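Each chain gets a letter, A, B and so on, in the order the sequences are listed, and its residues count up from 1. Just the heavy atoms: all of them, side chains too, but no hydrogens, waters or symmetry mates, feed the values below. In this text, all values refer to a predicted model and were calculated from it rather than measured experimentally.
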Amino acid sequence: MDDAYAGDSASPPSVGVVPIVRVRHTAHDCAGPKTFQSILFPPGSRALVDAPSQPPDVVRDLNLDQIIAAVTAGHEAFDLQPFFYAPLRDPDQIAYRHEVMRDLENPPVMARIRVFLSAIREVRETLARAAKLYHPRQKDRVLVDAVDLYVTEMEALARDLAVLPLRSRGFRDFAGYVAGHAASAAFRGMREDGEKAKALLGSIRYCVAIRGDSVTVRAYAGEADYSEVVARTFERFRQDAVKDYRVTFRDDPVMDSVEERILDRVARLNPEAFDFLERYAATHREFIDPVIDRFFREIHFYVLYLDYVRPLREAGLPFCYPAVSIRSKQTFVRSTFDLALAAKLTRENIPVVTNDLFLRGRERIFVVSGPNQGGKSTFARTIGQLHHLAAIGCPVPGRKARLFLPDRIHTHFEREETVVSLRGKLQDDLIRMHDILAQATPDSLILMNEIFSSTTLEDAVFLATQVMRRIIALDCLAVCVTFMDELAALDAKVVSITSTVVPEDPARRTLKVIRRPADGRAYAFSIAEKYRLTRAWLDRRLAR
Amino acid sequence: MRAHLLFRDQDFDPAQPLPAHADELFLDLGLTPLFDAMAGDDKIIRDTAQRVVLNGLFERHAILYRQDILRDALANRAAVREVYALAVAAIEREHKNYFGFISRSPGVVLHRSVDVMAMFVDMLGRLRRLADRHASRFRSEGFVTFFAMLARELDDRYFTELRDHLVRLKFRAGTLISAEMGDGLKGQDYVLRQPNLGQGGWLSGLIGRNPPAYSFTLHPRDEAGARALSELNDRGINLVANAVAQANDHVLSFFRMLRAEMGFYVGCLALADSLTAREQNVCFPEPLPIAQRVYRFNGLYDVSLALSKPEPVIGNDGDLTGKGVVVITGANQGGKSTFLRSVGLAQMMMQAGMFVGAGSFAANLCGGLHTHYKREEDTSMTSGKFDEELARMSSLIDRLDQNALVLFNESFQSTNEREGSAIARELVLAFQAHRIKVVFVTHLYDLAHGLHERGDPTMAFLRAERSADGTRSFRVVPGEPLSTSFGQDLYRQIFSDTQKPEPVA
C-alpha cells in the first residue's frame with residue numbers, strides 16, 4: 001500500500017501554486033484586509049510539501065481516480081488532482097471548504113464566479129497571444145487588451161461580491177481582498193492609462209494606395225466606398241440569397257513584412273498615440289495580483305466538483321454535506337451510491353439504485369454477502385468513496401450523512417495487474433493483509449474485497465476468521481465483501497448485509513444491498529428471481 | 001427582376017420536393033410518357049414539369065393565371081421558344097466560363113466575374129430587344145407583366161452604367177484601400193475607395209494631395225513581400241469581387257428561373273403538338289371550387305395511354321355532379337383502369353394549370369391526389385401482401401389533407417372478399433364522412449353491392465361496358481355492380497373456345 005495520507009494527520013496539506021504566466025508577481029498596495037490567502041485552506045493552515053501528485057492505490061481501488069479524472073478533465077494544466085488526492089483530518093478545515101462550496105451552490109454566486117473564471121482565462125489567453133508577436137508596438141497593444149480585461153473584471157468582481165450574500169469565511173475574506181485591490185491607486189492608474197491608449201489608437205484611419213510594387217500610406221480623405229457603389233448598381237439583379245464569394249483571410253495575429261512597414265508609417269503619421277503606447281507598456285508590463293492568481297486556480301476545485309455532480313443531481317441523485325467527526329464512529333448515510341458508477345449510468349440514462357447504511361452503538365464492520373453482480377463490491381467502494389470525499393471537504397452521495405474521519409483508508413482489493421509471484425496468490429494475500437493490520441489503528445478504515453478466494457473454503461474461513469477477529473479487536477471501521485456466510489455472525493460489531501437483484505430487470509448492475517442475515521436462502525431466491533422463475537413470475541408469464 | 005410566369009407573385013421553387021407519394025403517382029397514373037412528351041431530352045423541362053405537375057395548385061385564380069399564359073404561348077410558339085433558347089444559351093455560356101473551383105483569391109474571382117458579367121450584359125441586351133419585338137402580341141397578365149418588367153429594368157441608361165463599371169473594375173490605375181487598426185494594431189475594415197478625382201488626375205487622387213504621405217517600394221526579389229502585398233490588395237477588393245460575383249449569380253438565377261418557368265410552357269407546347277399529331281383533342285378544363293363535388297366531361301381519355309399508342313384512344317363522357325364516391329365495377333380489361341387514370345391525369349393536369357385530354361372537362365379542385373393500387377408483387381419479404389396494403393393505406397392516411405381525392409384500384413383483394421370488403425367499406429364511409437373524394441375500381445362485389453344498397457345519392461356507380469356478345473367498348477357507363485367480373489370473357493378470348501372454360505368461382 002502506498003501511503004495515501006502524507007505527513008502528520010494534524011497538518012493540512014498544501015501545494016505549490018503554478019504562476020499564471022511568466023511575469024513577476026507584484027503585490028498591490030491593498031486598502032482591504034490582507035488576511036486572505038487561499039480559498040482551499042483557512043488562514044493559519046500550515047503549508048505542507050509532498051502532496052501526492054499520482055493517485056494513491058486507495059484512490060484507484062475505490063475508482064476515485066475515474067471520478068477525479070472526470071472532474072478535472074480539460075483543466076489538467078491547473079494541476080488540481082493533488083487537492084483531490086489529499087484528505088484532511090481537521091473538521092475545521094473541512095468546514096471551511098463546506099462553507100465555500102455551499103456559497104457556490106447559491107446560483108448567483110456560482111454564476112458570478114464563472115464570469116470571473118472566463119474573464120481570467122481570457123486574460124491569460126490574451127497574454128499568450130502577445131507573447132507570440134514580434135513587432136513591439138503590436139505586443140504593447142495586446143497588453144493593453146489584457147490589462148483592460150483584467151481591470152474591468154476586477155472592478156466588476158469587487159462590486160458584485162460586495163452585494164452577494166456570502167456566508168463562508170473564504171468568500172468573505174476574498175471579497176474584502178478584491179475590494180482593496182480594485183481600490184488601490186496603482187490599479188486605478190492602470191485603468192486610466194489603458195483607456196487613453198485605446199482612444200488614441202482607435203481614432204486612426206489611414207489609406208493605402210497600391211500601384212504595382214509601390215505602396216503609399218497616408219491619412220484617409222473621405223473617399224467613397226467603391227464596393228458599395230458597384231453593389232448599388234447591381235442591386236436590381238437581386239434574386240434570392242446567393243453564395244458568399246468573400247474570401248476568408250487567415251487572420252494571423254503576427255504581421256507580415258508589408259503590414260509591419262505600413263504600421264511603421266502609420267506610427268510616423270500618428271506620433272502622439274504611438275509614443276503613449278510605448279510608455280504604457282513599460283509601466284504596466286506586470287499586472288496580475290498573485291493572490292488573485294492563486295484563487296483562480298484553487299476555486300476550480302469547487303466549481304469542477306459541482307459541475308461534475310450536477311447531471312447526477314438533475315437525474316434525481318442526492319448529495320449532502322456530511323457531519324464529520326474524529327471521535328465518534330457512529331456512521332449513517334441515506335440513499336447513497338457509487339459515484340463513479342452513477343456517473344456512468346446517468347450518462348447512459350440508466351437509473352441508479354441507492355442504498356441506506358448505518359453503524360450504531362458498537363457496530364463497526366459490514367460483512368457483505370449475496371449474489372454476484374449484486375453490488376457487493378460496489379457497496380465496499382461506496383463506503384470508501386464516502387469517507388474519502390468527506391475528507392477532502394466535498395458533498396458526498398446521499399441524502400444525509402454522518403461519517404468518521406479515518407486516519408487512513410486501507411484497501412485489500414483484487415489486483416488484476418499484479419503478476420502472481422513465486423509466493424503464490426494466497427501468500428501474497430496474506431502478506432498484504434498482514435501489512436495492513438500492522439499499519440492500521442483504531443481510527444483506520446479497512447476495505448476487503450473477496451479475500452482468500454484462492455484457497456479451499458475451510459482454509460478461507462479459518463484465515464478470514466482470524467483476520468476478522470484482529471479487526472474486531474482493533475475496533476476500527478471495516479467492510480468485508482465475501483462469499484463466506486460464516487463471517488457475518490462473528491460478533492456483535494459485525495453487521496450482515498446481503499445484495500439482491502431487481503426482479504423486473506435482472507440485467508441491472510447497481511443493486512440494492514440490505515441488512516439481513518446471510519442464510520443462503522436469499523441467494524437462491526435471488527437467482528430464481530433474476531431468471532424470472534419464481535412462482536409469481538411463472539404465473540404471470542404463462543397467463544398470456 | 002422576376003419572371004413570375006408560374007405564379008403571379010412568387011418564383012417557382014426548383015428545389016421544391018415532390019410529394020412523398022410521387023413514386024406511386026408515377027406508377028399508378030403512368031406519368032412517364034407524359035413527361036417524355038413534354039421534355040424529350042431536356043432535363044430542366046422534365047424536372048420543372050414534374051415538380052409543377054405533381055405539386056398542383058389549390059386555387060382557381062392561380063390555375064386560370066397559368067391557363068392564360070399557356071393560351072398565349074400556344075398562340076406565339078416561336079417567340080416563347082426563342083426566349084427559352086436565349087435563357088438556355090446564357091446559362092451554358094456562364095457554365096463554360098466557370099472556373100471549376102472555389103477560388104481563394106478575390107483577384108481571380110473578380111477577373112472571372114467581370115468577364116461573365118460582360119457576357120450577361122450582352123445576353124440581357126438581346127433579351128430586351130426580343131421583348132421589344134414581340135411584346136405587343138401577348139395578352140395574358142403573366143406575359144404582359146413579364147415584358148413590361150424587362151423594358152423597365154433593362155433601360156438603355158442602365159446598360160451604359162453597367163459597361164462603365166466593367167471598365168473600372170479592371171483597376172488599371174491601382175487600388176486605394178482604407179483601413180483602421182484592430183486587434184494588435186492589425187489593419188481591419190479594409191474598404192476599397194473610389195479616388196477623389198479633381199485637378200491632378202488619378203495619380204493625385206490615389207496618393208492624396210495633402211502630405212504627409214510615406215511610401216515604400218518592394219525589392220524586386222522580395223517574393224514574400226510581393227505575396228503579402230498581393231494579399232493586402234485582395235483584402236481591398238474582396239467585397240467588390242463578391243459584389244460582382246453575386247450579381248452574376250443573381251443574373252444567372254434570373255436566367256435559370258426564366259428557363260425553368262418558360263420551360264414548363266415549352267413542354268406544354270410539345271405535349272400539345274404530340275397529342276394533336278395523334279388527332280387527340282385537348283381543352284382547357286374548368287376548375288370548380290374545392291368544396292363542390294363535380295365531374296363533368298366529354299371525350300375524357302388517358303393522355304399517357306394516347307401517347308404510348310399509335311392509334312387514337314377511346315374517351316368517356318360523364319356527369320358525376322354531386323358525387324363524393326364513385327365506384328367502378330365490371331369486366332376485366334374493360335377500360336376501368338384506363339378510365340381511372342384518365343380521371344387522375346386530368347385532375348392533376350388541371351391543377352397544374354395545363355390543358356387536359358378531353359373534349360371538355362370540369363371538376364372541383366382537390367386537396368391532394370392519392371392513389372392506392374393493387375401491387376403486382378409482394379415487395380416485402382417479411383410482411384404478407386395484405387399486410388403491405390394496409391401499411392401503405394396507413395401511411396397514405398397520414399398524408400391526407402381535407403378534400404383530397406383518393407383513387408383506389410382493386411385494393412384489398414389480397415385477402416378474402418368478405419374481409420377485404422369490410423375494410424374497404426369502412427374506409428370509403430370514413431373518407432366520405434370526412435369529405436375525401438373517392439373513386440374506387442373494384443372487383444369486390446360485396447363492397448360495391450353493399451355501398452349500392454345504401455341508396456346514397458352522393459355515390460355513383462359505373463360499370464365497364466360490355467355488350468351482350470361479350471365484346472367490350474372500353475367505355476365506362478353508369479350501372480350497378482354485377483356479381484361477376486367477366487373473367488370468362490377473357491378466358492374465352494384468350495383460349496378461343498378451344499378448351500372448355502373452367503367454372504368461375
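- Considering Asp225(A), Val230(A), Val229(A) as possible partners of Gln194(B), the one that fulfils the side chain to side chain contact (heavy atoms under 4.5 Å, CB included) test is Val229(A).
- Note that CG of Leu229(B) and CD1 of Ile210(A) are 5.0 Å apart. Values are rounded to the nearest 0.5 Å.
- By the 4.5 Å heavy-atom criterion applied to side chains, Asp213(A) and Pro220(B) are not counted as neighbours.
- Atom CZ of Arg129(A) sits in a crowded spot, with more than 12 heavy atoms from other residues, nucleotides or ligands closer than 6.0 Å.
- Against chain B, the residues from residues 267-275 of chain A that qualify, each with a non-hydrogen atom under 4.5 angstrom away, are Arg268(A), Leu269(A), Phe274(A) in number order.
- A distance of 11.0 Å separates CD in Glu228(A) from CG in Leu192(B), rounded to the nearest 0.5 Å.
- Between the CG atom in Asp251(A) and the CD atom in Gln188(B) there is a gap of 9.5 Å [rounded to 0.5 Å].
- With rounding to the nearest 0.5 angstrom, the NZ atom of Lys243(A) is 13.5 Å from the OG atom of Ser253(B).
- Note on Leu169(B), Asn238(B), Val240(B), Val244(B): by heavy-atom pairs under 4.5 Å with chain A, the leading option is Asn238(B).
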Where do Phe249(A) and Asp234(B) land on the side chain to side chain contact (heavy atoms under 4.5 Å, CB included) test, with the steps shown first?
CA-CA 9 Å; Phe249(A) 292 93; Asp234(B) 276 349; 3.7 Å; yes
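- Both the backbone and the side chain of Arg235(B) have a heavy atom closer than 4.5 Å to some heavy atom of chain A.
- There is no contact between Arg232(A) and chain B, counting heavy-atom distances below 4.5 Å.
- Around the NE2 atom of His111(B), the shell of radius 6.0 Å holds no more than 12 heavy atoms that belong to other residues, nucleotides or ligands.
- The choice from Leu263(A), Ile204(A), Val258(A), Asp264(A) that makes the most heavy-atom pairs within less than 4.5 Å of chain B is Val258(A).
- Shortest non-hydrogen contact noted between Ala243(B) and Phe234(A) is O-CD1, 4.3 Å.
- With a 4.5 angstrom heavy-atom cutoff, Ile262(A) touches chain B via backbone and side-chain atoms both.
- Taking a 6.0 Å sphere around CD of Glu223(B), one finds it holds 12 or fewer heavy atoms contributed by other residues, nucleotides or ligands.
- In this structure, no portion of Ala226(B) lies under 4.5 Å from any heavy atom of chain A.
- Among the candidates Leu239(B), Asp222(B), Thr175(B), Leu162(B), the residue making the largest number of heavy-atom pairs closer than 4.5 Å to chain A is Thr175(B).
- In this structure, chain B has no heavy atom under 4.5 Å from any part of Asp140(A).
- Side-chain atoms of Arg193(B) and Tyr220(A) form a donor-acceptor pair, as typed in the model, at a separation below 3.5 Å.
- Counting heavy atoms from C-beta outward, Met255(A) and Leu185(B) have side chains that approach closer than 4.5 Å.
- Taking chain B as the reference chain and counting heavy-atom pairs below 4.5 Å, the highest number among Cys207(A), Ala241(A), Ala130(A), Ser203(A) is found for Cys207(A).
- Side chains of Val247(A) and Glu231(B) form no contact here, defined as non-hydrogen atoms less than 4.5 Å apart.
- In terms of heavy atoms, Gly222(A) sits closest to Asn196(B) at C-ND2, 4.4 Å.
- Heavy-atom contacts from other residues, nucleotides or ligands closer than 6.0 Å to CZ of Arg256(B) number 12 or fewer.
- Residue with the most contacts toward chain B among Arg236(A), Arg265(A), Lys139(A), Arg205(A): Arg236(A) (heavy-atom pairs, distance under 4.5 Å).
- Listed options Leu252(B), Asn233(B), Ile237(B) were ranked by heavy-atom pairs under 4.5 angstrom with chain A; first place goes to Asn233(B).
- In this structure, the ring of Tyr158(B) has its center less than 6.0 angstrom from the ring center of Phe237(A).
- Here the OG-OH distance, from Ser227(A) to Tyr190(B), works out to 14.5 Å after rounding to the nearest 0.5 Å.
- When all heavy atoms of Arg211(A) and Ala173(B) are compared, the pair lying nearest together is CG-O, 3.6 Å.
- Of the listed residues (Val208(A), Asp256(A), Leu201(A), Leu277(A)), the greatest number of heavy-atom pairs within a distance under 4.5 Å of chain B belongs to Val208(A).
- Not counting sequence neighbours, Phe254(B) has no partner by the ring pair (Phe, Tyr, Trp, His ring centres under 6.0 Å) test.
- Contact tally against chain B (heavy-atom pairs below 4.5 Å) for Glu260(A), Gln138(A), Glu235(A), His135(A): the top residue is Gln138(A).
- Across every non-hydrogen atom of Leu176(B) and Ala209(A), the tightest pair is CD1-CB, 4.0 Å.
- Below 30°, between 30° and 60°, or above 60°: for Phe171(B) and Tyr226(A) the angle between ring planes is above 60°, a perpendicular geometry.
- The contact between Val254(A) and chain B is made entirely by backbone atoms, counting heavy-atom distances below 4.5 Å.
- The CG atom of Leu218(B) sits 6.0 Å away from the CZ atom of Arg261(A) when rounded to the nearest 0.5 Å.
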